[in-house]
Peer 1: 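Next up is a structure, given as structure tokens.
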Protein chains: 2
Amino acid sequence: MTPQRMAILNYLKGNLEHPSAEDIYKAIGKKFPTMSFATVYNTLETLKQMGQIRELYCDPYKKRFDPNPNPHHHVVCTQCQKIVDLQDEIRIKPPTLTTEKFEILGSHIEFYGICSKCKSKNSSSRKEETIYVKNRTGS
Amino acid sequence: MTPQRMAILNYLKGNLEHPSAEDIYKAIGKKFPTMSFATVYNTLETLKQMGQIRELYCDPYKKRFDPNPNPHHHVVCTQCQKIVDLQDEIRIKPPTLTTEKFEILGSHIEFYGICSKCKSKNSSSRKEETIYVKNRTGS
DNA sequence: TATCATAATTAGAATTATTATCATATTAGA
DNA sequence: TCTAATATGATAATAATTCTAATTATGATA
């Protein structure tokens, strides 16, 4: 356990925003200005291997990281890529694969939609809506 | 409707492999050697807008395309990124969001696991298993 | 405490997938 | 056929991520 790892883990734990590697790099950079991007990626990979965090793929533009490794599901805004945890316990049967034999290890439900912030943005300025759709950074 | 578009659409329809843009480029390239990668991406974007195909994000390394735009779910191999359609009709309740108000537009379930091919690969040559994990191309 | 092996960090280059630009070519409609 | 609109192809640009190699920190042991 190095200071950098502590900082990254601390930042992640208790963060509900499902930050990307860049988010983490920027946030930690304030405390550790010398820290490199590679360390962020290395640490995230290590934490993932250790089962401390989970990597999410529901943001099509970048990987996102979830400090809660326990199985749960997500709601994703298709405009700003905001990801929100779902508390609901959803029970689904394992699939009946007819042609392919898979060893199923887990499942993940993604609900897609528009968050309230984006919805109000849309209605207030319709002309610009393609900007919100195409701009990856969500800014 | 241009010849290139026809070729891409024809290739997609009736393809169960959920190909990536590169897969499509390579496959169509045999018939249209002059076709550019940009055309593949442009066409896929157009077809997506038209609602003819669906873009999948469950492969962490690249976007994958599904010729079936109707709602259905998938099983993904975490080693070779093989994606298989699920025929099962799975009914899930829309989530009860307490803090955030989302307009939910759809949902997608991903089951994760190991396909039979990767499972036999693993047991037959354990020493090389990191190769299969790290090699993105799945080859 | 000094030494050593191991693992972590850094900076930067390299890679991969994807998107943008723009000149040219093609298409579809009058 | 003519023309405007759109598609294509070559290439450059970008963004996220991974790799490399040199340096540095860490922790165990003498």
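Because the structure is predicted, anything quoted here is derived from the model rather than measured. Reminder, nothing fancy here: chain letters follow the sequence lines and each chain counts from 1.
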Peer 1: Check B:Pro69 against B:Gly51 and note the closest heavy-atom contact, atom names and distance.
Peer 2: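 What the structure gives for the nearest pair is CB-O, 3.2 Å.
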
Peer 1: Nearest-Å distance, NZ (A:Lys63) to C1' (D:dT17)?
Peer 2: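 Atom-to-atom, A:Lys63 to D:dT17, this comes out as 7 Å.
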
Peer 1: Please classify the nucleic acid contact of A:Thr39 as base, sugar-phosphate, or nothing, using heavy-atom distances under 4.0 Å.
Peer 2: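 Base, at least one base heavy atom under 4.0 Å.
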
Peer 1: Starting at CD of A:Glu45 and ending at P of C:dA8, how long is that distance when rounded to a whole Å?
Peer 2: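 Spelled out: CD on A:Glu45 to P on C:dA8 is 12 Å.
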
Peer 1: Please check if the distance between the ring centroids of B:His74 and B:His18 is under 6.0 Å.
Peer 2: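 Yes; B:His18 has its ring centre under 6.0 Å from that of B:His74.
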
Peer 1: Strictly below 4.0 Å, heavy-atom distances to any atom of DNA chain D: list the hits from residues 22-37 of chain B, or just say none.
Peer 2: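 Residues of residues 22-37 of chain B that come under 4.0 Å of DNA chain D are, in numerical order, B:Thr34, B:Met35, B:Ser36.
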
Peer 1: Figure out the NZ/C1' separation between B:Lys62 and D:dA16, and round it to whole Å.
Peer 2: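 Interatomic distance, NZ of B:Lys62 to C1' of D:dA16: 15 Å.
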
Peer 1: Show, in sequence, the C-alpha distance, side-chain angles and deciding distance for A:Ser20 and A:Asp59, and conclude whether the side-chain hydrogen bond (donor to acceptor under 3.5 Å, both in side chains) test is met.
Peer 2: CA-CA 10 Å; A:Ser20 66; A:Asp59 179 340; over 6 Å; no

Peer 1: From CG of A:Asn42 over to C1' of D:dT17, roughly how many Å is that when rounded to an integer?
Peer 2: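 To the nearest whole Å, that distance equals 11 Å.
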
Peer 1: Establish, with yes or no, whether the OP1 or OP2 oxygen of C:dT27 is under 4.0 angstrom from a side-chain nitrogen or oxygen of B:Arg5.
Peer 2: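 No, outside the criterion.
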
Peer 1: Begin with the C-alpha distance, continue with both residues' side-chain angles, and end with the deciding distance and a verdict on side-chain hydrogen bond (donor to acceptor under 3.5 Å, both in side chains) for A:His72 and A:Asp66.
Peer 2: CA-CA 10 Å; A:His72 63 284; A:Asp66 191 325; 2.8 Å; yes

Peer 1: Do A:Val40 and A:Met50 share a hydrophobic cluster (ILVMFWY, side-chain heavy atoms under 4.5 Å, transitive)?
Peer 2: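 Shared cluster, yes.
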
Peer 1: A:Lys48 NZ to D:dT18 C1': how many Å, rounded?
Peer 2: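 It is 12 Å, rounded to the nearest whole Å.
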
Peer 1: Strictly below 4.0 Å: does B:Tyr41 bring a side-chain N or O up to OP1 or OP2 of C:dT19?
Peer 2: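 Answer is no, no contact under 4.0 Å.
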
Peer 1: How close or far is atom C1' of C:dA17 from atom CD of B:Glu55, stated in whole angstroms?
Peer 2: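 Rounding to the nearest Å, CD of B:Glu55 and C1' of C:dA17 are 12 Å apart.
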
Peer 1: Check every strand shown and say whether B:Pro60 touches a base, only sugar-phosphate, or nothing at a heavy-atom separation below 4.0 Å.
Peer 2: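 Here B:Pro60 touches no strand at all.
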
Peer 1: A:Tyr57 OH to D:dT17 C1': how many Å, rounded?
Peer 2: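 That distance rounds to 13 Å.
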
Peer 1: When you check the gap from the basic side-chain N to the acidic O, do B:Lys82 and A:Glu100 get nearer than 4.0 Å?
Peer 2: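 Salt bridge present between B:Lys82 and A:Glu100.
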
Peer 1: With both distances kept under 3.5 Å, what pairs with D:dA30, Watson-Crick or G-U wobble?
Peer 2: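 D:dA30 is paired with C:dT1.
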
Peer 1: Would you call the rings of B:Tyr25 and B:Phe37 parallel, tilted or perpendicular if under 30° counts as parallel and over 60° as perpendicular?
Peer 2: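 Parallel, since the angle between the ring planes stays under 30°.
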
Peer 1: Is the distance from OP1 or OP2 of C:dA7 to the nearest side-chain N or O of A:Thr2 less than 4.0 Å?
Peer 2: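 Looking at the OP1 and OP2 atoms of C:dA7, neither is under 4.0 Å from any side-chain N or O of A:Thr2.
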
Peer 1: Within the structure, does a side-chain N or O atom of A:Gln4 lie under 4.0 Å from either OP1 or OP2 of D:dA25?
Peer 2: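 No, because none of the side-chain N or O atoms of A:Gln4 sits under 4.0 Å from OP1 or OP2 of D:dA25.
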
Peer 1: In whole angstrom, what separates B:Met1's CE from D:dA7's P?
Peer 2: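 That distance rounds to 10 Å.
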
